[in-house]
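The residues of the chain are indexed from 1 along the displayed sequence. For clarity, every value in this text was computed on a predicted model and none was experimentally measured.
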Amino acid sequence: MTGQDWIEKDFYAALGVPKDADDAAIKKAYRKLARTYHPDQNQGDAKAEAKFKEIGEAYAVLSDAEQRQQYDAIRAMAGGGARFSAGAGGPAGGAGGFEDIFGGMFGGGGGGGGGRVRYSTQSGGSGGFEDILGSMFGGGGAQTGFRPNAGYQRPQAGADVHSSATLGFRPAVEGSTVNVTTEGRTITARIPAGVRDGQKIRLRGKGRPGVAGGAPGDLVITVHVTPHPVFSVDEKHNLRLTVPVTFAEAALGATIEVPTLDGKPVKVKVPAGTPSGRTLRVKGKGVKTAKATGDLLVTIQVVVPQKLSKAAKEAVETLAAATDGESDVRSDLFGRAAE
């Protein structure tokens with residue numbers, strides 16, 4: 001950034017604060033704008049990137065008391081942003097002109113005459129406007145030019161911090177809070193209802209602090225959920241479980257009771273001829289989140305008895321004889337295997 005940039009750019013307008021804003025107001029405005037235009041939130045947006053750079057430059061100057069004082073003085077002398085040309089061949093007007101101001105500052109004659117100091121903003125050669133300002137504020141003259149922001153670090157966002165937390169199945173389904181200790185800090189994090197094993201929760205602004213006024217990073221928590229002996233949850237917030245039924249219930253049909261997470265059982269109708277592995281749906285009995293409520297998905301598992309009484313064995317044999325030849329349950333198996 002050059003001296004002319006200081007004249008032409010309105011840093012107060014860039015941050016949307018008045019010229020008499022205090023340090024707290026300037027910092028608050030910058031943080032709000034930095035979050036809005038941060039590159040991570042606006043990937044591929046060139047305008048947002050340019051705006052982020054603009055507010056970073058503005059904050060770097062206005063947050064430094066010495067640089068802000070210099071900036072205000074230069075803007076006041078330049079009339080708030082006009083570009084000046086005060087070379088030796090320019091107008092030799094009365095007192096109060098641009099040259100008179102600098103002449104008075106460096107012992108010039110002010111109103112005219114041989115003792116008057118002359119300055120020029122024309123390019124090439126020493127004595128230019130930026131060289132004059134550079135000498136005023138400790139710059140290196142014609143060789144270095146006026147760089148009011150030389151030596152300050154550009155604002156940079158803080159790094160993300162990663163941690164993990166383990167929850168029981170029920171707290172994960174219903175939502176909970178956990179205390180996460182990282183880098184010497186303990187942070188209480190709210191875990192939303194329906195979180196799944198391995199899911200990541202991002203807490204904005206809870207990571208490492210930014211550099212030179214940059215926005216802080218985030219805290220990323222990987223959640224591990226302890227398995228439940230009966231229930232599981234899928235990505236659509238459906239509550240799943242497998243329910244055993246007898247051969248007779250599957251073959252003839254039945255109405256059975258199944259458990260739910262809130263402890264209140266619901267009745268499910270098993271249609272006649274239901275095969276093992278079929279899934280039945282109960283609307284609205286899944287996981288409740290802020291955005292939606294899932295369903296209860298009941299997978300049927302037909303249980304084959306390991307031991308049969310004499311009467312039961314005779315009954316099965318009678319069934320087998322009665323259904324023999326009705327259908328070949330493996331009729332297409334070899335055909336599909338050959339594909």
Task: Connected hydrophobic set around L308, excluding itself, where side chains approach under 4.5 Å - done: V316
Residue pairs passing the side chain to side chain donor-acceptor pair (under 3.5 Å) test where at least one lies in [range], sequence neighbours excluded:
{"range": "residues 209-231", "answer": "K200-T222, R202-D218, R204-D218"}
{"range": "residues 297-322", "answer": "T279-T299"}
{"range": "residues 265-275", "answer": "none"}

Side chains of [X] and [Y] in contact at under 4.5 Å (non-hydrogen atoms):
{"X": "P192", "Y": "I201", "value": "yes"}
{"X": "L296", "Y": "V266", "value": "yes"}
{"X": "V220", "Y": "V161", "value": "no"}
{"X": "E49", "Y": "K53", "value": "no"}
{"X": "D197", "Y": "V223", "value": "no"}
{"X": "L241", "Y": "L239", "value": "no"}

Using residues 174-182 as the side-chain source, report each donor-acceptor pair under 3.5 Å to any protein atom, sequence neighbours left out, with the distance given to one decimal.
{"unit_1": "N179", "atom_1": "OD1", "unit_2": "T188", "atom_2": "OG1", "d": "2.8"}
{"unit_1": "T181", "atom_1": "OG1", "unit_2": "T186", "atom_2": "OG1", "d": "3.1"}

- [ ] Hey, could you give me the CG/OG distance between L219 and S163, rounded to the nearest 0.5 Å?
- [x] 6.5 Å
Task: CG on L15 to CD on E54, rounded to 0.5 Å - done: 8.5 Å
Task: Sequence-distant partners of Y12, side chain to side chain donor-acceptor pair (under 3.5 Å), two or more places apart - done: R68, D72
Indicate the atoms forming the closest heavy-atom contact of [X] with [Y], along with that distance.
{"X": "V303", "Y": "P244", "result": "CG2-CB, 3.5 Å"}
{"X": "G56", "Y": "P155", "result": "O-CG, 3.8 Å"}
{"X": "A14", "Y": "A58", "result": "CB-CB, 4.0 Å"}
{"X": "L203", "Y": "A189", "result": "CD1-CB, 3.5 Å"}

Distance-only donor-acceptor pairs under 3.5 Å for side chains of residues 247-262, two or more places apart:
{"unit_1": "E249", "atom_1": "OE1", "unit_2": "T246", "atom_2": "N", "d": "2.9"}
{"unit_1": "E249", "atom_1": "OE1", "unit_2": "T246", "atom_2": "OG1", "d": "3.4"}
{"unit_1": "T260", "atom_1": "OG1", "unit_2": "D262", "atom_2": "OD1", "d": "2.5"}
{"unit_1": "T260", "atom_1": "OG1", "unit_2": "K264", "atom_2": "N", "d": "3.4"}
{"unit_1": "T260", "atom_1": "OG1", "unit_2": "K264", "atom_2": "O", "d": "2.6"}
{"unit_1": "D262", "atom_1": "OD1", "unit_2": "K264", "atom_2": "N", "d": "2.9"}

Open item on the list: Would the distance check show the side chain of D64 and the main-chain N or O of Q67 forming a donor-acceptor pair, the cut-off being under 3.5 Å?
Closed with: yes
- [ ] Output yes when a side-chain donor or acceptor of N42 lies under 3.5 Å from a complementary backbone atom of D45, and no otherwise.
- [x] no
- [ ] If a pair satisfies salt bridge (charged side-chain N to carboxylate O under 4.0 Å, His left out) and one of its residues is in residues 178-196, list it, with sequence neighbours excluded.
- [x] E183-R208
- [ ] Tell me whether V243 is reachable from L297 by hopping between hydrophobic residues (I, L, V, M, F, W, Y) whose side-chain heavy atoms are closer than 4.5 Å.
- [x] no
Could you pull out every donor-acceptor pair under 3.5 Å between side chains of residues 22-34 and any protein atom, sequence neighbours left out?
{"unit_1": "D22", "atom_1": "OD1", "unit_2": "A24", "atom_2": "N", "d": "3.4"}
{"unit_1": "D22", "atom_1": "OD1", "unit_2": "A25", "atom_2": "N", "d": "2.8"}
{"unit_1": "Y30", "atom_1": "OH", "unit_2": "G213", "atom_2": "O", "d": "3.4"}

Open item on the list: Show me the pairs that pass ring pair (Phe, Tyr, Trp, His ring centres under 6.0 Å) and involve residues 249-269, at least two apart or across chains.
Closed with: none
Listed pairs under 3.5 Å, donor-acceptor, residues 230-238 side chains, sequence neighbours left out:
{"unit_1": "D234", "atom_1": "OD1", "unit_2": "K236", "atom_2": "N", "d": "3.0"}
{"unit_1": "D234", "atom_1": "OD1", "unit_2": "H237", "atom_2": "N", "d": "3.2"}
{"unit_1": "D234", "atom_1": "OD1", "unit_2": "N238", "atom_2": "N", "d": "2.9"}
{"unit_1": "D234", "atom_1": "OD2", "unit_2": "N238", "atom_2": "ND2", "d": "3.2"}
{"unit_1": "D234", "atom_1": "OD2", "unit_2": "R240", "atom_2": "NE", "d": "3.2"}
{"unit_1": "N238", "atom_1": "OD1", "unit_2": "D295", "atom_2": "N", "d": "2.8"}

Open item on the list: Run the salt bridge (Lys or Arg N to Asp or Glu O under 4.0 Å) test on E57 and K9 for me, step by step, so that the C-alpha distance in whole Å, both residues' side-chain angles and the decisive distance to 0.1 Å come before the verdict.
Closed with: CA-CA 10 Å; E57 292 175 344; K9 294 183 178 181; 3.3 Å; yes
Task: Set of residues satisfying ring pair (Phe, Tyr, Trp, His ring centres under 6.0 Å) with respect to F52, sequence neighbours excluded - done: H38
